[in-house]
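Step one of this worksheet: look at the structure below.
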There are 2 protein chains.
Amino acid sequence: MEDSAPPTSTTLADFQRLIRAMYFEKDVARGIDGTFMWLMEEVGELASALRNGSHEERLGEFADVLAWLATIANVAGVDLNEAIARKYGAGCPGCGKLVCTCDDAEKP
Amino acid sequence: MEDSAPPTSTTLADFQRLIRAMYFEKDVARGIDGTFMWLMEEVGELASALRNGSHEERLGEFADVLAWLATIANVAGVDLNEAIARKYGAGCPGCGKLVCTCDDAEKP
């Protein structure tokens, strides 16, 4: 990971819109419950790639989990950018610091 | 979700860097396996919020899942922006179309 974002770095809003353009019609027909099952399958594949996969395979599985998460957000009417801005826009939600000073036993 | 991104829309790279700045030291000490457990807990909370939660609660749970995913990516040395650019930058990975025409029984 670089210290500065490349100019082509995708925004969360753009990614969510891209996934919406690609899949929204199918996603709505499938509904949240059915879509969640796909997310779970991809989370399992991510676990597997983290244990035994190549860097390339890990890239693919992270992308898939992000895509299914965006899909569920689309069906649920949740704006991912708003979600992270509210929760993390002002630092760690636990201690309020940019570099977290929460106790290690605590979330997060 | 709006048709155009607000100017403040966060990039995936910025978000991953923010989570890194907040938590990287703890994340590395915990390792991928321990961090994955936290991700799973948050995925469970997201499921619960999708079934019974308010819109506000759903926003919070999506943010938490994204944050733990970014954390694991940081520990695994995976760039989330690169991940989605490779997999989804050229349209649906199944059919190559912007609006997916894959068979409904197929992924995705």
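Each chain gets a letter, A, B and so on, in the order its sequence line appears, and its residues count up from 1. Keep in mind that what you see is a predicted model, and the values were worked out from it rather than measured. Reckoned from all heavy atoms, side chains included, excluding hydrogens, waters and symmetry mates.
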Practice task
Would you confirm whether K87(A), through its side chain, and A67(B), through its main-chain N or O, come within 3.5 Å as a donor-acceptor pair?
Solution key: no
Fill in the blank from the handout: Taken to the nearest 0.5 Å, the spacing of T10(B) OG1 from D14(A) CG works out to 11.5 Å
Exercise for the section: Check each atom of A29(A) against the heavy atoms of chain B and say whether the ones under 4.5 Å are side chain, backbone, both or neither. Expected result: neither
Practice task
Could you tell me whether the side chain of Y88(B) reaches within less than 4.5 Å of the side chain of D64(A), counting heavy atoms only?
Solution key: yes
Handout entry: F36(A) vs V43(B) side-chain heavy atoms within contact, under 4.5 Å
Key = yes
Problem - Interchain contact, I72(A) with chain B, by part (heavy-atom threshold 4.5 Å) - result: both
Practice task
May I ask whether F24(B) and L39(B) are part of the same hydrophobic cluster, defined by side-chain heavy atoms of I, L, V, M, F, W, Y residues being less than 4.5 angstrom apart, directly or through others?
Solution key: no
Exercise for the section: Considering non-hydrogen atoms only, spot the tightest contact between G77(A) and H55(B) and give its length. Expected result: O-CE1, 3.2 Å
Practice task
Would you indicate whether the side-chain heavy atoms of L12(B) and L12(A) approach each other to under 4.5 Å?
Solution key: yes
Practice task
Nearest 0.5 Å please: distance from the CD atom of Q16(B) over to the OG atom of S9(A).
Solution key: 9.5 Å
Problem - Closest approach of M22(A) to C92(B) (non-hydrogen atoms, all atoms of both residues) - result: CE-N, 3.5 Å
Problem - Heavy-atom pair count under 4.5 Å with chain A, highest-scoring of D33(B), T71(B), I19(B) - result: D33(B)
Exercise for the section: Please indicate whether M40(A) has more than 12 foreign heavy atoms, meaning atoms of other residues, nucleotides or ligands, lying under 6.0 Å from its CE. Expected result: yes
Handout entry: Segment of T101(A) engaging chain B (4.5 angstrom heavy-atom cut-off)
Key = backbone
Exercise for the section: Check each atom of A85(B) against the heavy atoms of chain A and say whether the ones under 4.5 Å are side chain, backbone, both or neither. Expected result: neither
Fill in the blank from the handout: Shortest non-hydrogen pair, L59(A) vs E82(B), comes out as CD1-OE2, 3.8 Å
Problem - Proximity breakdown for D27(B) and chain A, heavy-atom pairs closer than 4.5 Å - result: neither
Problem - Those residues that, when tested against A76(A), pass side chain to side chain contact (heavy atoms under 4.5 Å, CB included) (two or more places apart) - result: I32(A), V78(A), L50(B), R58(B)
Problem - Test item: I84(A) and L18(B) side chains (from C-beta on) under 4.5 Å apart, heavy atoms - result: no
